[in-house]
Amino acid sequence: MSQPAIPKGTRDFSPEVMIRRNYIFNTIRSVFQRYGYMPLETPSMENVDTLTGKYGDEGDKLIFRILDSGDYLKSVSEEALQQRQLPAITKSIAEKALRYDLTVPFARFVVMNQHSIAFPFKRYQIQPVWRADRPQKGRYREFYQCDADVVGSDSLVNEVELVQIFDDALSALKVPATIKINNRKILMGIAELAGVANRMMEMTIAIDKLDKVGEEGVVKELGERGFTTEAVQTIRGLFSLSGSNEEMLDQLSTLLSSSESGMKGIAELRFVIARSKVIGLNSCSLELDITLARGLNYYTGAIFEVKALGVQMGSICGGGRYDDLTGIFGLKGVSGVGISFGADRIYDVMTELQLFPENEMQSTQLLFANFGEKEELQCMQFLRQVRNAGINAEIYPESAKMKKQFKYADDKQIAYVAIIGEEELQTSTISLKHMQSGEQTKVTIDQLIAKLRG
RNA sequence: GUGGUCGUAGCUCAGCAGGUAGAGCUCCAGAUUGUGGUUCUGGCUGUCGUGGGUUCGAGCCCCAUCGAUCACCCCA
């Protein structure tokens with residue numbers, strides 16, 4: 001290895017980037033906490049069995065597996081090797097895998113701790129996840145998700161609050177966005193009406209592409225997937241909806257009047273949309289998008305997706321209700337609903353729209369210039385006082401040329417430089433220079449602290 | 001997993017009909033031995049992504065490989 005490198009689809013985060021990333025994480029975290037969600041972390045790796053089968057066939061292929069330690073081939077049969085039976089081999093050489101999302105590990109946690117958890121259980125989780133996807137714009141192999149889920153409550157109050165959380169966080173970050181909402185029960189209703197109830201997943205995958213391939217494209221794909229002309233015609237009825245959220249719901253209820261699940265979905269949407277309207281949103285708009293489907297197959301009720309305005313970027317947030325997520329781990333009848341912020345994409349959007357506040361860069365407020373041993377000791381004594389007062393401060397660690405020390409402060413965007421040379425030492429003063437204005441004043445240590453505390 | 005484009009200094013890029021590598025910025029030093037961001041002067045940096053092939057000769061042509069990027073699939 002000549003030049004060091006990092007695996008594809010992964011990134012280093014420099015201090016400048018981390019400060020911005022933390023700004024995003026902190027904003028989202030504080031909103032989660034404001035709504036009563038509690039922090040949770042789970043291991044980076046899970047048992048393979050915990051993850052497989054939860055994300056569909058496509059998803060399973062994207063799970064990063066961790067090679068067993070030691071003689072990992074010991075339980076692979078000679079026969080399997082000879083015939084290259086990859087699934088069988090894979091299964092016996094990797095018993096752990098990196099987590100693919102935060103929702104499944106959360107479901108696992110709930111099931112394992114069901115007797116000590118008080119329901120409804122509201123948790124948030126901000127951790128990286130890994131997918132063996134091919135990287136491209138806004139798509140990485142390691143990225144962070146910021147999830148908030150509540151389990152053990154069927155109430156639509158949760159959905160309404162989650163919409164508010166989207167709005168609160170994105171408004172705080174000043175990201176212009178539209179929250180799209182739909183309901184899987186409506187899609188189910190359409191599927192029933194079209195006589196393809198057993199193929200709802202296929203149907204949703206096709207219609208999810210409406211905004212990308214257009215109505216003709218969707219019709220074409222449905223045809224290719226073997227849907228009958230009648231079924232396609234019925235599904236097509238969805239595309240003719242128009243008007244406000246409420247008007248679209250009215251049209252839908254006529255269309256789906258014969259479908260029990262369809263009508264239930266409409267009622268649920270009405271509730272969430274009406275409540276959100278009464279309570280009000282800060283800067284986001286809430287839009288019913290009947291073609292919103294979302295790939296994850298565990299969603300059963302409301303589904304959410306958030307699109308940033310003014311940039312070419314996939315959805316920046318997602319979410320929805322799942323009636324039986326914990327069922328696969330043996331705990332039935334626990335309904336949950338949750339959302340996820342895609343922090344990396346939000347970062348990219350904010351970069352593109354230049355939404356990061358300038359002063360976020362100022363981590364150190366004060367730099368003590370270093371003139372030599374005697375002055376240095378005085379500086380370090382002052383530093384202790386300054387730091388005790390809650391001011392971020394540092395000393396240039398060696399008595400380099402002034403030019404160099406000031407340049408350091410300038411590069412690091414440190415607001416003030418404290419100069420203590422022989423003259424200041426004798427008069428017990430500090431020459432304090434404000435870097436931006438260039439103004440320099442003589443102050444005492446107490447005055448300095450008072451000034452920087454602001 | 002499928003297909004397209006690309007890969008030259010730390011960064012952004014130039015290079016030509018195949019003839020032994022350049023510009024700007026950054027960085028470093030000095031002008032200015034207690035003062036940065038402006039200015040001026042000087043200086044450093046490359047196995048031209050990697051491996052092979054064609055050729056007297058390859059940064060340039062061919063093949064492979066790795067990486068980046070875009071589209072598809074899927075998704076945050």
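No experiment lies behind these values; they were computed from the predicted model shown. Chain letters run A, B, ... following the sequence lines, proteins first and then strands; every chain starts at 1.
Counting any heavy atom pair closer than 4.0 Å across all strands shown, A:Tyr408 reaches no nucleic acid atom. Using a 4.0 Å heavy-atom distance criterion, A:Met435 is classed as a base contact. Nucleic acid contact class of A:Gly319 (heavy atoms, under 4.0 Å, all strands): none. Within 4.0 Å of A:Gly59, counting heavy atoms only, lies no atom of the nucleic acid at all. Within the nucleic acid shown, A:Lys307 has no heavy atom closer than 4.0 Å to any nucleic acid atom. Residue contacts shown for A:Ser340 are absent, as no nucleic acid heavy atom lies under 4.0 Å away.
Base pairing annotation: B:U55 forms no Watson-Crick or G-U wobble pair, as no partner gives both donor-acceptor distances under 3.5 Å. The partner of B:C72, taking Watson-Crick or G-U wobble pairs whose two distances both stay under 3.5 Å, is B:G1. B:C28 is paired with B:G42 under the criterion used here, namely a Watson-Crick or G-U wobble arrangement in which both key atom distances are under 3.5 Å. The partner of B:U47 cannot be assigned: no Watson-Crick or G-U wobble pair with both contacts below 3.5 Å exists in any strand. The base-pairing partner of B:G67, taking Watson-Crick or G-U wobble contacts with both distances under 3.5 Å, is B:C6. Base pairing of B:A23: its partner is B:U12, meeting the Watson-Crick or G-U wobble criterion (both donor-acceptor distances under 3.5 Å).
The side chain of A:Lys403 has B:A31 as its nearest neighbour among B:C75, B:C28, B:A31. Distance from the side chain of A:Gln145 is smallest for B:A76 among the nucleotides B:C27, B:A76, B:U2.
A:Asp410 contributes a side-chain N or O that forms a donor-acceptor pair with the base of B:G36 under 3.5 Å. No N or O donor and acceptor, one from the side chain of A:Gln405 and one from the base of B:U35, sit under 3.5 Å apart. Interface remark: the A:Glu424 side chain does form a donor-acceptor pair with the B:G34 base, using a distance-only criterion of under 3.5 Å. Applying the 3.5 Å distance criterion, the base of B:C74 shares a donor-acceptor pair with the side chain of A:Arg139. Within 3.5 Å, a donor on the side chain of A:Lys433 pairs with an acceptor on the base of B:U35, or the reverse. Under 3.5 Å, the side chain of A:Arg345 and the base of B:C75 form at least one donor-acceptor pair of N or O atoms.
Rounded to an integer number of Å, the gap from A:Ile419 CD1 to B:G36 P is 11 Å. One atom, CZ of A:Phe406, and another, C1' of B:U32, lie 14 Å apart when rounded to the nearest Å. Distance A:Glu221 CD to B:C72 C1': 11 Å, rounded to the nearest Å. Nucleotide B:G36 holds its P atom 14 Å from the NZ atom of A:Lys404, rounded to whole Å. When the C1' atom of B:A76 is taken as reference, atom OH of A:Tyr140 falls 10 Å away, rounded to whole Å. The distance from atom CZ of A:Phe143 to atom P of B:C75 is 12 Å, rounded to the nearest whole Å. For the pair A:Ile63 CD1 and B:C75 P, the interatomic distance rounds to 13 Å; values are reported in whole Å. Between A:Arg134 atom CZ and B:C70 atom P the separation is 12 Å, expressed in whole Å.
Comparing the P positions of B:C25 and B:G42 gives a spacing of 13 Å, expressed to the nearest Å. B:C75 and B:G1 have their C1' atoms separated by 15 Å, with the value rounded to a whole Å. Between B:G43 and B:C48, the distance separating the two P atoms is 25 Å to the nearest Å. Taking atom P on both nucleotides, B:G22 is separated from B:C6 by 25 Å, rounded to a whole Å. The gap from the P atom of B:U45 to that of B:G10 amounts to 11 Å, rounded to the nearest Å. Atom C1' of B:A68 sits at a distance of 15 Å from the matching atom of B:U8, rounded to the whole Å. To the nearest whole angstrom, the two C1' atoms, one in B:A14 and one in B:A23, are 7 Å apart. When the C1' atom is used for both B:G49 and B:C60, the distance is 15 Å, rounded to whole Å.
Ionic pairing of A:Glu268 and A:Arg184 is not present here: no N-O contact between side-chain nitrogen and carboxylate oxygen is shorter than 4.0 angstrom.
Under the 3.5 Å distance criterion, with hydrogens and angles disregarded, no donor-acceptor pair is assigned to the side chains of A:Thr364 and A:Asn392. Donor-acceptor pairing under 3.5 Å is recorded for the side chains of A:Ser340 and A:Asp147. In this structure, a donor-acceptor pair under 3.5 Å is absent between the side chains of A:Arg134 and A:Gln136.
Panel note: side chain A:Arg199, backbone A:Arg225; a donor-acceptor pair is recorded below 3.5 Å.
Each of A:Thr10 and A:Arg141 was matched to the nucleotide of RNA chain B holding its nearest heavy atom; the match closer to the 5' end belongs to A:Thr10. With RNA chain B read from its 5' end, the first of the two nearest nucleotides for A:Lys209 and A:Glu422 is the one closest to A:Glu422.
Using a 4.0 Å cut-off, some side-chain N or O of A:Lys8 falls inside it from OP1 or OP2 of B:G67. Contact between the side-chain N/O atoms of A:Gln136 and the OP1/OP2 oxygens of B:A71 is found at a separation under 4.0 Å. In this model, the phosphate group of B:G30 is approached by a side-chain N or O of A:Lys401 to a distance below 4.0 Å at OP1 or OP2.
Note: A:Phe166 and A:Phe304 have perpendicular aromatic rings, judged against thresholds of 30 and 60 degrees for the angle between ring planes. Ring pair A:Tyr396/A:Tyr408 is perpendicular by interplanar angle, where above 60° counts as perpendicular and below 30° as parallel.
Screening A:Gln125, A:Arg123, A:Arg321 for a side-chain hydrogen bond (donor to acceptor under 3.5 Å, both in side chains) involving A:Asp149 leaves a single residue, A:Arg123.
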Audit row: A:Glu142, A:Thr10, side-chain hydrogen bond (donor to acceptor under 3.5 Å, both in side chains) steps and yes/no:
CA-CA 6 Å; A:Glu142 177 183 64; A:Thr10 64; 5.8 Å; no

